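Working notes for the structure below.
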Number of protein chains: 2
Amino acid sequence: MTVTPTVYDVAERSGVSIATVSRVYRTPDSVRASTRERVLAAARELGYVPSGNARGLASRSTGVLGLCFPDYADPAADTDDDDAAMLYSDQIIRGMERAARRHGYALLIAASLQGGPESLVAKVAGRVDGFAVLARTVPTEELEVISRRRPVVMLAGPREGTDSLDHLDHIEVANEDGQRELTRHLLADHGIRRPAYIGMIEESPDVEARFRGFLDACRDAGVEVAGEPAVRVGMMTQAEGARAAALLCERPGERPDAFVFANDQMAVGALRELERRGLRVPEDAVVTGFDGIPLSRLVRPALTTVRQPMVRMGEEATDLLVQRLSGRYTGAPVSRMLPVSVVRRASCGCAEGRTQS
Amino acid sequence: MTVTPTVYDVAERSGVSIATVSRVYRTPDSVRASTRERVLAAARELGYVPSGNARGLASRSTGVLGLCFPDYADPAADTDDDDAAMLYSDQIIRGMERAARRHGYALLIAASLQGGPESLVAKVAGRVDGFAVLARTVPTEELEVISRRRPVVMLAGPREGTDSLDHLDHIEVANEDGQRELTRHLLADHGIRRPAYIGMIEESPDVEARFRGFLDACRDAGVEVAGEPAVRVGMMTQAEGARAAALLCERPGERPDAFVFANDQMAVGALRELERRGLRVPEDAVVTGFDGIPLSRLVRPALTTVRQPMVRMGEEATDLLVQRLSGRYTGAPVSRMLPVSVVRRASCGCAEGRTQS
DNA sequence: CTGAAAGCGCTAACAG
DNA sequence: CTGTTAGCGCTTTCAG
């Protein structure tokens, strides 16, 4: 009772060798039924629980897949409303878990935060057979090292061109296409002429791709805009979104007739800020987001946005990892791009309705 | 490049002993800076990733907490709408992950399915320091064995009275109170006189508690109802909910003026079935659910329900586990009951609005 | 501050 | 079908 029982204890108690105890758990059919029962009984009496660690060590595999994502807890998102606070990393978790389950794997999830030589990824990497990482969650260099040792799939954030991460499998969404289509809608169907794009200071491939889509649509429609986002925020949170909106309202010159945000969180923050200023959305200015988080449809006016297939992304990531692990696939790094869909809601002037996808 | 590098490789390459390599990762300060750098450099060059398994084995702890939940994928919930498909186990995952992160733990999640001596829990149990289980996910007996070896907290489903699981920590929600209050609302504010309760065949402590609350409220209001649920379904899915509604509509005698379901999933199914039959909700009959899943507010009419604080439940579970693990708390089994809140929406006749909680 | 040595609990050939 | 025998890669005293 004081120490945890091991195979030795079970073996002794049931009068067999430790190898047999092991077999009872790994290949039950290779042990005579009566023996098996005896072992199982002893195990039960002792309260024996096989050590996953010892197993993993001896067999060099864990039956666990991992997921690392950024510690992106937008403080303002801490509503008492659980649904609204659901971020998209939660959707990815769902997707991965479902798929992992189908393949008989469990899922280890961890958000980054700490420092030291003992970083998060390392911790996860050391306990799983393979894992997925949300882009920019961990230093590239570290990923590079780890990915030499076990399958890693990168989620979002296009593969770095000439970079060392080129041998990673990679799944992204059609950021550019989505933002282009959304912008075109604004320009063509709502007569927008002075759209302002709100991006991020830090270079994020996803955000840059979205911005390119925005520029594309503007150019195609003959709408003149700067080659740079109107504002670049530090973090894409609600607070920063509100700040950006305020900034754009107070900036000299004509106020933009559309606030095109690089993500939903910021757009939601802007919605509040504009309301505070007595501006009506979409009458006085249109607001759009990107991601399609649950909150986007709960706010008023409901947010027009581009929905990313997060759950699907998680599933694809898992499938890819499983393929790699099973050795069924050893080809060149895969780079998959998932389609997105524009969700037209009230914040751009479209009525709420079944227009959604 | 062919095999994974180990401490030995790193030690050799950096001219130190394996003990020092280990120290660099576990207690960096106990190693001279220059030595540390040398080791780290070698590790980087080699692509060294510490084995979580070996670590766990040697140190008898993993830094991982676990969560087991039922493979409860309601097929009908498989909308192409990710948000709507979000079940409450997902909320618990969120809560646990957040809390685990705060305490420096990662989270291992796994849904049940398989069989054999090698069950799910065992797998999880063997790889974590402690874990939570959604009630009735795993055989009581198995839990009993495992819980002798490491902290386990049971989620929902009240502790078994005289049963062997009495030494488990336990967190549940106020099922009875919630259902009582909701029912009272129906009776007192909406003049319901012939409410029908839809429960489950299999004995579930939670569902039974809810039913008791229902009976209580009826008795208090002087409304006569049978001492048994009007219908008991096999699984609490949308399909079964629809079937139950159909059954109650076709059953001889007066149609119920309120369908009180034991969970949201069923209620949603019923909503569709009633609509199909040309019955208006809430005018012709009132419908209520239980849980407060995201879908409940997306359906039309929006579902009046009892919201369970799922995220909070996950957090409490984690906190409890961490306390137990840190040895800070070794007292008697804790049994915590979390309050719920009635969410009045359109399906009971209350207008949609800020009446929500 | 660093090294040597002894396991942690299990799996995996290899023999019987 | 079952037992023997080596490790798997790391942590951890205990000495230096």
Side-chain angles (χ1 to χ4, degrees), chain A residues 2-40 42-43 46-63 117-118 122-123 125-129 149-150, chain B residues 2-40 42-43 46-63 117-118 122-123 125-129 149-150:
Chain A
T2 114
V3 286
T4 334
T6 74
V7 270
Y8 292 95
D9 302 310
V10 177
E12 185 178 1
R13 175 148 192 145
S14 51
V16 300
S17 73
I18 61 167
T20 298
V21 175
S22 178
R23 289 195 188 96
V24 166
Y25 286 90
R26 301 213 54 72
T27 53
D29 296 329
S30 71
V31 177
R32 190 191 301 154
S34 64
T35 312
R36 197 192 314 145
E37 289 313 325
R38 203 144 34 86
V39 171
L40 251 17
L46 258 31
Y48 169 69
V49 181
S51 153
N53 285 324
R55 275 204 173 152
L57 222 210
S59 66
R60 308 139 165 316
S61 94
T62 63
E118 190 69 302
K123 180 173 177 178
R127 327 194 120 290
V128 302
D129 293 339
R149 254 60 246 198
R150 48 181 108 276
Chain B
T2 113
V3 286
T4 347
T6 73
V7 270
Y8 291 96
D9 303 311
V10 177
E12 186 178 1
R13 176 151 193 141
S14 51
V16 300
S17 73
I18 62 167
T20 298
V21 175
S22 177
R23 289 195 187 97
V24 167
Y25 287 89
R26 301 214 54 71
T27 53
D29 296 329
S30 72
V31 178
R32 191 191 303 154
S34 63
T35 312
R36 197 191 315 145
E37 289 314 324
R38 201 143 35 84
V39 171
L40 251 17
L46 258 31
Y48 169 70
V49 181
S51 152
N53 285 324
R55 272 202 174 154
L57 222 210
S59 65
R60 306 133 168 323
S61 94
T62 62
E118 189 68 303
K123 179 172 177 179
R127 326 196 119 286
V128 302
D129 293 339
R149 253 61 246 197
R150 49 181 105 274

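Every chain is numbered from 1, with letters handed out A, B, ... down the list of sequences. These numbers were taken from a predicted model, which means no experiment stands behind them.
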Tell me every residue that passes side-chain contact (heavy atoms from CB on, under 4.5 Å) with Ala125(A), counting only those two or more places apart in sequence or in another chain. Phe131(A), Ile146(A), Arg150(A), Val49(B)
Report the distance from atom OG1 of Thr6(B) to atom CD of Glu12(B), rounding to the nearest 0.5 Å. 9.5 Å
Any Ser17(B) side-chain nitrogen or oxygen under 4.0 Å from OP1 or OP2 of dA4(C): no
Qualifying residues under side-chain hydrogen bond (donor to acceptor under 3.5 Å, both in side chains), relative to Ser51(A), sequence neighbours excluded: none
Tabulate protein N/O versus nucleotide N/O from nucleotides 6-10 of chain D, keeping only pairs under 3.5 Å, one per line.
{"from": "dC8(D)", "atom 1": "O3'", "to": "Arg60(A)", "atom 2": "NH2", "distance (Å)": "3.4"}
{"from": "dC8(D)", "atom 1": "O2", "to": "Ala58(A)", "atom 2": "N", "distance (Å)": "3.2"}
{"from": "dG9(D)", "atom 1": "N2", "to": "Ala54(B)", "atom 2": "O", "distance (Å)": "3.4"}
{"from": "dC10(D)", "atom 1": "OP1", "to": "Tyr48(B)", "atom 2": "OH", "distance (Å)": "2.4"}
{"from": "dC10(D)", "atom 1": "OP1", "to": "Ser51(B)", "atom 2": "N", "distance (Å)": "3.4"}
{"from": "dC10(D)", "atom 1": "OP2", "to": "Val7(B)", "atom 2": "N", "distance (Å)": "2.4"}
{"from": "dC10(D)", "atom 1": "N4", "to": "Tyr8(B)", "atom 2": "OH", "distance (Å)": "3.1"}

Short side-chain N/O contact to dT2(D) OP1/OP2 from Ser30(A), under 4.0 Å: no
Please identify each residue that fulfils side-chain contact (heavy atoms from CB on, under 4.5 Å) with Ser61(A), with sequence neighbours left out. Ser59(A), Asp129(A)
Can you tell me the distance, in whole Å, between the CG atom of Leu46(A) and the P atom of dG9(C)? 13 Å
Run the side-chain hydrogen bond (donor to acceptor under 3.5 Å, both in side chains) test against Arg13(B) and tell me which residues pass, sequence neighbours left out. Glu45(B)
Side-chain donor-acceptor pairs under 3.5 Å in residues 16-24 of chain B, sequence neighbours left out?
{"from": "Ser17(B)", "atom 1": "OG", "to": "Ala19(B)", "atom 2": "N", "distance (Å)": "3.4"}
{"from": "Ser17(B)", "atom 1": "OG", "to": "Thr20(B)", "atom 2": "N", "distance (Å)": "3.4"}

For Val21(A), answer base if it contacts any base atom (sugar-phosphate contacts may also be present), sugar-phosphate if it contacts only those atoms, and nothing otherwise; contact means non-hydrogen atoms under 4.0 Å. nothing
With sequence neighbours left out, the residues meeting side-chain hydrogen bond (donor to acceptor under 3.5 Å, both in side chains) with Ser30(A) are Thr27(A)
Between protein and nucleic acid, restricted to nucleotides 14-16 of chain D and to nitrogen or oxygen atoms under 3.5 Å apart, what atom pairs and distances do you find?
none

Value in whole Å for how far the P atom of dG9(C) lies from CZ of Arg150(B): 11 Å
Partners passing side-chain contact (heavy atoms from CB on, under 4.5 Å) against Arg60(B) (at least two apart in sequence or in another chain): none
